[in-house]
Each structure stands twice: as structure tokens, then as C-alpha cells.
Amino acid sequence: PVGLFFLFMLAWLIPFSGLLLLMQCIKRYDATYSASMFTGSIVITASTMSAVHYKTFSHLSIQTWIFYPLGLFILLSGIVILATEANLRQQVKTKEVATDHPVESKEESEYGSFEVST
């Protein structure tokens, strides 16, 4: 029973600390970046654990051998796209704060401002 109490305590502590880390990450970085990294880490961890513990790859048919890795690749490539786009947005915000004036995007520099005057 002491070991059981310890396991219950760890079962509560580990997810709670993960949520605290996620909250700090969202405060510091863009939410799109944080959410995509969180989702990516869960997908990679769950796929690896299912392959090790449940021997997922020993029960796959030929179609599943094609579509399972393809689905993982598509999902993870989408996560990479979201994370890099959010990271670029964060870098632009950092430049704006460092230079103390807004950085124009390519569209604004080519076509002027998009403000509507009344």
C-alpha cells in the first residue's frame, strides 16, 4: 500500500506538472507554437509506446504499413509547419520590440498600408 500511494501520487503529479509547464510555455511563446509542440510530443510518445508495449507493428496489414507511417508523417509535417510559422511570427514580434517600431510585412511594403480612412 505505500507503493500504491506512491504510484497514485506520481499519477497525479506528472500530468499536473506537464500542465504547469504547458501554461508557462503558452505565456512565453505563441499559443500556436505551444499547442503544436504539445500535440507533436503526445503523438510521438503515444506511437512509440504503442509500438513498444502493444507491439503495434506486428499486427499491421500491408495497407496499414503504408497508411500508418503516412498518417504520422502528414500529421507531424503539419505540426512542423505550424511551429515554424509561429516561430517566425514570434521573431517578427521580437524585432518590433527591439527596434521600437513595427516591422512591415512584404505585402505592406509593396502595396502600402491596408487601413481604411473615413
Side-chain angles (χ1 to χ4, degrees):
V2 173
L4 184 63
F5 175 74
F6 180 70
L7 288 176
F8 278 132
M9 191 62 125
L10 283 178
W12 175 83
L13 185 65
I14 291 172
F16 187 72
S17 62
L19 285 175
L20 290 176
L21 287 172
L22 180 63
M23 285 176 20
Q24 291 300 317
C25 182
I26 288 175
K27 286 180 184 177
R28 184 171 181 176
Y29 299 105
D30 187 34
T32 307
Y33 176 79
S34 303
S36 63
M37 287 294 110
F38 183 71
T39 304
S41 65
I42 287 176
V43 167
I44 290 172
T45 304
S47 298
T48 305
M49 288 298 122
S50 69
V52 170
H53 184 69
Y54 298 113
K55 299 178 177 70
T56 302
F57 297 110
S58 65
H59 304 290
L60 295 179
S61 66
I62 293 174
Q63 289 176 337
T64 315
W65 269 104
I66 295 169
F67 289 118
Y68 185 78
L70 181 66
L72 283 177
F73 176 74
I74 290 170
L75 183 71
L76 293 176
S77 62
I79 290 169
V80 167
I81 290 169
L82 281 175
T84 53
E85 188 270 333
N87 191 18
L88 289 174
R89 235 186 306 141
Q90 182 69 27
Q91 288 176 357
V92 168
K93 284 182 185 177
T94 305
K95 277 185 183 177
E96 287 177 356
V97 170
T99 59
D100 212 17
H101 61 81
V103 176
E104 289 185 349
S105 67
K106 183 179 177 183
E107 291 83 17
E108 288 177 348
S109 62
E110 289 179 2
Y111 304 113
S113 180
F114 295 107
E115 294 179 15
V116 178
S117 58
T118 56

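Just so you know, these numbers come straight off a predicted model, no measurement behind them.
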Chemist: Any donor-acceptor pair under 3.5 Å linking the side chain of Ser17 with the backbone of Ile14?
Modeler: yes
Chemist: Is it the case that atom CG in Leu20 sees more than 12 heavy atoms from other parts of the structure closer than 6.0 Å?
Modeler: yes
Chemist: Can you measure from SG (Cys25) to CE (Met37) and round to the nearest 0.5 angstrom?
Modeler: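 If we round to the nearest 0.5 Å, Cys25:SG and Met37:CE are 9.5 Å apart.
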Chemist: Assess whether side chain to side chain contact (heavy atoms under 4.5 Å, CB included) is satisfied between Ile44 and Leu72, documenting all intermediate values.
Modeler: CA-CA 9 Å; Ile44 290 172; Leu72 283 177; over 6 Å; no
Chemist: Which value, rounded to the nearest 0.5 Å, describes the distance between Ser34 atom OG and Gln24 atom CD?
Modeler: 11.0 Å
Chemist: With side chain to side chain contact (heavy atoms under 4.5 Å, CB included) as the test, would you mind laying out the steps for Val80 and Leu76 before giving the verdict?
Modeler: CA-CA 6 Å; Val80 167; Leu76 293 176; 5.5 Å; no
Chemist: Minimum heavy-atom separation for Ala31 to Ile26, with atom names?
Modeler: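 In this case the closest contact between Ala31 and Ile26 is CB-CG2, 4.5 Å.
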Chemist: First locate atom CD1 of Ile42, then atom CD1 of Ile79, and finally report the distance between them rounded to the nearest 0.5 Å.
Modeler: 9.5 Å
Chemist: Evaluate the criterion side chain to side chain contact (heavy atoms under 4.5 Å, CB included) for residue pair Ser47 and Tyr68; output intermediate values, then yes/no.
Modeler: CA-CA 10 Å; Ser47 298; Tyr68 185 78; 3.6 Å; yes
Chemist: Quick check for you: to the nearest 0.5 Å, what is the distance between Phe67 atom CZ and Ile74 atom CD1?
Modeler: 9.5 Å
Chemist: Would you tell me whether Ser61 and Thr64 have side-chain atoms, one donor and one acceptor, within less than 3.5 Å of each other?
Modeler: yes
Chemist: Just how far is it from atom CZ of Phe16 to atom CH2 of Trp12, taken to the nearest 0.5 Å?
Modeler: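 Rounded to the nearest 0.5 Å, the CZ-CH2 separation comes out at 5.0 Å.
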Chemist: For Ser41 and Phe38, indicate whether the former's side chain and the latter's backbone hold a donor-acceptor pair under 3.5 Å.
Modeler: yes
Chemist: Specify the closest pair of heavy atoms between Tyr33 and Ala83, including all atoms of both residues, with the distance to one decimal.
Modeler: CD1-O, 3.5 Å
